[in-house]
Amino acid sequence: MRPAPTVLHLDMDAFFAAAEQAAKPSLRGKPVVVGGLGPRGVVATASYEARRFGIHSAMPMAQARRLAPNAAYLVPRFALYRTVSEQVMELLGRLSPLVEPLSLDEAFVDLEAGGSAADAASARATGERLRRDIRAVTGLTGSVGLAGSKMLAKIASEQAKPDGLVLIEPGTERELLGPMSVRTLPGVGPATGEHLRRAGMTTIADLTEAGEDELVRLVGKAHGTSLYRMASGHDDRPVVAERETKSVSVEDTFDVDLHDRVRVRTEVERLAERCVRRLRESGHSGRTIVLKVRRYDFSTLTRSETLRGPTDDPGVVREAAGRLLESLDTTGGVRLLGVGVTGLTDYTQEDLFAQAAADAEAAGALDEPDAVVVPGEPEPQADTDFAVADEVAERHWPAGHDVLHAEFGAGWVQGSGVGRVTVRFEEPTSTVPGRVRTFRTDDPDLELSEPLPLVAVPPDEGPGPRAPV
């Protein structure tokens, strides 16, 4: 536990939805929901206006539509979110060499390591300056928590939402934590929380009063000891600049269960290709291929095969995933498929390539877009991300995505169907909502395009012309 609040936690406010509102003047101040729009889609992020209707992340999209039928429902634009995230992470990197990203919109920073703060006053000044810089560079807002540990800094940023800063003075931890729910502590999920509730412990103060021995008896030595320390305000976890990647995986959740065995095999091969692309982008290869199948009844089957050496060859991964599929019963239908690679290393066993070279040559590379994934997201939210990825790939005019028209210029897709696409022509810098026009979906003058910057860039710093996708 540090004697000064020099651990900073930044959490961007309603990140995906806020970025969409910043990009689309007509949606500012209105409820916006970002996520998969198919029958099995779920909410990735809801704006604060939408949250007033009870909408929250991971909620089924169908339920969200019932709660707020007039909200704007958009497919995520991960290219935009990654660009903004890089801008934010660059600002954090100016504060310290120790920046630990947790996701696109969240990170810890060790201010002491960067000489950015040494006491409460300098930490607060640094946090306020960071918030101003983020708004100036991205047009978005972020909430900042400052404390002597990672756990408390994250709790502080939650209290600061939206668009605020909370600093927890060292020495006040137990008083602050006492009335909070046990679920506030890292590692206390629904099951542990319910177990503690049955034992009469619902607040963090209840945990400290029970004592370490009682917690060890209830949840085991390792977890009980850790729980007691955190409840007492102690958290010695360091800010780690780089996390070791342990696995790479991709998944797709299907709007309709797959029954055709050939189609299931085709999807597994497509996932293997996407997985290898991510594997190569991360600079790794791996030895163990993992196949995940979630059946119609929500039962999940996982199988793995360990190769004799690490590989990043798509043919090898595709073949291994196919063999694993043959060992599984998919009768009744498949609602989710996933392919992953574990046992990662930074070199490749070259002789593995030969066994799949011929097949890879014959089959050819599948013309699929890169996997759309949120780095650092918790595992329970993976289905959301991959369902969204399929939606983006399959919809010719995804709702909310950018377009460019030869005559009318830049705009975004408001909706599409029955051979028509409706576009609102406005840009992030527009002062008033733009005009709406409808076109045929095959209009040669209309094409998908790259997102525009959310904040106007000086001419000498501009990124260049928008390139069609």
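Keep in mind the model is a prediction, meaning the values are calculated, not measured. Throughout, numbering of the chain's residues begins at 1 and tracks the sequence.
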Just by distance, do the side chain of [X] and the backbone of [Y] share a donor-acceptor pair under 3.5 Å?
{"X": "His195", "Y": "Leu218", "answer": "yes"}
{"X": "Thr83", "Y": "Ala79", "answer": "yes"}
{"X": "Asp312", "Y": "Arg280", "answer": "no"}
{"X": "Ser143", "Y": "Asp163", "answer": "yes"}
{"X": "Trp397", "Y": "Thr441", "answer": "yes"}
{"X": "Ser57", "Y": "Ala44", "answer": "yes"}
{"X": "Arg440", "Y": "Gly419", "answer": "no"}
{"X": "Arg28", "Y": "Gln21", "answer": "yes"}

Kindly indicate whether the side chain of [X], heavy atoms from C-beta on, has any atom under 4.5 Å from the side chain of [Y].
{"X": "Leu215", "Y": "Met201", "answer": "yes"}
{"X": "Arg295", "Y": "Asp329", "answer": "yes"}
{"X": "Thr141", "Y": "Met12", "answer": "no"}
{"X": "Thr431", "Y": "Pro25", "answer": "no"}
{"X": "His9", "Y": "Phe108", "answer": "yes"}
{"X": "Thr302", "Y": "Val290", "answer": "yes"}
{"X": "Arg261", "Y": "Glu326", "answer": "yes"}
{"X": "Val239", "Y": "Val109", "answer": "no"}

- Message: salt bridge (Lys or Arg N to Asp or Glu O under 4.0 Å), that's the test. Do Arg82 and Glu86 meet it? Break it down for me.
- Response: CA-CA 6 Å; Arg82 288 194 187 98; Glu86 289 169 1; over 6 Å; no
Which atom of [X] lies closest to which atom of [Y], heavy atoms considered:
{"X": "Ala71", "Y": "Val33", "value": "CB-CG2, 4.3 Å"}
{"X": "Glu426", "Y": "Ser26", "value": "OE2-OG, 2.7 Å"}
{"X": "Pro314", "Y": "Glu273", "value": "CB-OE1, 3.7 Å"}
{"X": "Pro76", "Y": "Val34", "value": "CG-CG1, 3.5 Å"}
{"X": "Ala14", "Y": "Ser47", "value": "CB-CA, 4.3 Å"}
{"X": "Gly322", "Y": "Val268", "value": "N-CG1, 4.4 Å"}

- Item | Option passing salt bridge (charged side-chain N to carboxylate O under 4.0 Å, His left out) with Arg40 (candidates Asp257, Asp255, Asp252) |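 For Arg40, the salt bridge (charged side-chain N to carboxylate O under 4.0 Å, His left out) test succeeds with only one of Asp257, Asp255, Asp252, which is Asp257.
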- Item | Short side-chain donor-acceptor distance under 3.5 Å, Ser285 and Thr345 |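 Absent: no donor and acceptor within the cut-off.
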- Message: Between Asp313 and Thr311, is there a side-chain donor-acceptor contact under 3.5 Å, judged purely by atom types and distance?
- Response: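 Distance-only check fails for Thr311 and Asp313.
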- Item | Step-by-step side-chain contact (heavy atoms from CB on, under 4.5 Å) determination, Thr138 to Leu91 | CA-CA 11 Å; Thr138 70; Leu91 292 174; 5.6 Å; no
[Y]/[X] salt bridge by N-O under 4.0 Å criterion:
{"X": "Arg197", "Y": "Asp206", "answer": "no"}
{"X": "Glu281", "Y": "Arg277", "answer": "no"}
{"X": "Glu267", "Y": "Arg263", "answer": "yes"}
{"X": "Asp11", "Y": "Lys154", "answer": "no"}
{"X": "Lys150", "Y": "Glu100", "answer": "yes"}

Tell me every residue that passes side chain to side chain donor-acceptor pair (under 3.5 Å) with [X], counting only those two or more places apart in sequence or in another chain.
{"X": "Asp297", "answer": "Ser299"}
{"X": "Glu20", "answer": "Lys24, Arg77, Tyr81"}
{"X": "Arg132", "answer": "none"}

- Query: Which word best sums up how the rings of Phe16 and Phe78 line up, parallel for under 30°, tilted for 30 to 60°, or perpendicular for over 60°?
  - Reply: perpendicular
- Item | Parallel, tilted or perpendicular: rings of Phe439 and Phe425 (30°, 60°) |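 Rings of Phe425 and Phe439: perpendicular, as their planes differ by over 60°.
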[atom2] on [Y] to [atom1] on [X], rounded to 0.5 Å:
{"X": "Ile134", "Y": "Arg131", "atom1": "CD1", "atom2": "CZ", "answer": "9.0 Å"}
{"X": "Leu74", "Y": "Thr45", "atom1": "CG", "atom2": "OG1", "answer": "11.0 Å"}
{"X": "Thr184", "Y": "Met151", "atom1": "OG1", "atom2": "CE", "answer": "9.5 Å"}
{"X": "Leu165", "Y": "Ser157", "atom1": "CG", "atom2": "OG", "answer": "10.0 Å"}
{"X": "Lys161", "Y": "Tyr48", "atom1": "NZ", "atom2": "OH", "answer": "4.0 Å"}
{"X": "Leu196", "Y": "Ser181", "atom1": "CG", "atom2": "OG", "answer": "9.5 Å"}

- Query: For Tyr73, is the NZ or CZ atom of Arg65 found under 6.0 angstrom from the centre of its six-membered ring and inside 45 degrees of the ring axis?
  - Reply: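 Ring-cation test returns yes.
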- For Leu130 and Leu8, what are the C-alpha separation, side-chain angles and deciding distance, and is it a side-chain contact (heavy atoms from CB on, under 4.5 Å)? CA-CA 10 Å; Leu130 172 64; Leu8 181 148; 4.0 Å; yes
- Item | Check against side-chain contact (heavy atoms from CB on, under 4.5 Å), Leu27 and Trp412 | CA-CA 12 Å; Leu27 297 184; Trp412 57 278; 4.1 Å; yes
- Got a sec: does the CZ of Arg237 have more than 12 other heavy atoms crowding it under 6.0 Å?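 More than 12 heavy atoms, drawn from other residues, nucleotides or ligands, come within 6.0 Å of this atom.
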- Could you give me the CA-CA distance, side-chain angles and deciding distance for Ser430 and Glu427, then say whether side-chain contact (heavy atoms from CB on, under 4.5 Å) is met? CA-CA 5 Å; Ser430 301; Glu427 301 183 14; 3.8 Å; yes
